[in-house]
Amino acid sequence: SDCTHCFHLSAVLRSHPSLKTVRSIEAELNPDLYNNCNFTPDEISSALRALSTVSEKTIIQAVAAPPSEWGLTLDERVTLVEYLTRQQHQLLTFL
């Protein structure tokens, strides 16, 4: 089934059109991971362990990859890298 609604980042980006507004949002495990997607604690732990292997360089490369036609400014890309690395660090506290 489609569990894209379970991932907090996508919900944050949909509800906050300006990336600058996401700077203050704290990382949290979305309750939908348990309630709607039926991920087990082991599955979530496995995903968090995989997340721990993602380097900051990889995040930067991923944020740099979208074409200019997507309309992401340099400031938005920098903000997104900051947000993703902060979210990663905060989510890894759940390990």
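This is a predicted model, so every value here is computed, not measured.
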Query raised in the report: If only atom types and distance count, is the side chain of S46 paired as donor or acceptor with the main-chain N or O of D42 below 3.5 Å?
Result: no
**Report entry** Side-chain donor/acceptor of T58 to backbone N/O of V54, under 3.5 Å
**Finding:** no
Query raised in the report: For E43, does the CD atom sit with more than 12 other heavy atoms under 6.0 Å from it, leaving out its own atoms?
Result: yes
Report summary line: When every non-hydrogen atom of H89 is compared with those of T85, the smallest separation belongs to CD2-O, 2.8 Å
Query raised in the report: Backbone N or O of S52 within a donor-acceptor pair of the Q88 side chain at under 3.5 Å?
Result: no
Report task. Enter the distance from L72:CG to L80:CG here, rounded to the nearest 0.5 Å. Result -> 7.0 Å
Query - Atom pair CG/CG of L48 and L91 - distance to nearest 0.5 Å - result: 6.5 Å
Query - Contact summary for P66 and A62, nearest pair of heavy atoms - result: CD-O, 3.2 Å
Report summary line: Separation between CG (L84) and CD (E56), nearest 0.5 Å, reads 10.5 Å
Requested in this report: Check whether any side-chain N or O of R77 sits under 3.5 Å from a backbone N or O of I60 as a donor-acceptor pair, and report yes or no.
Outcome: no
Query raised in the report: Any donor and acceptor pair, going by atom type alone, linking the side chain of E76 with main-chain N or O of T73 inside 3.5 Å?
Result: yes
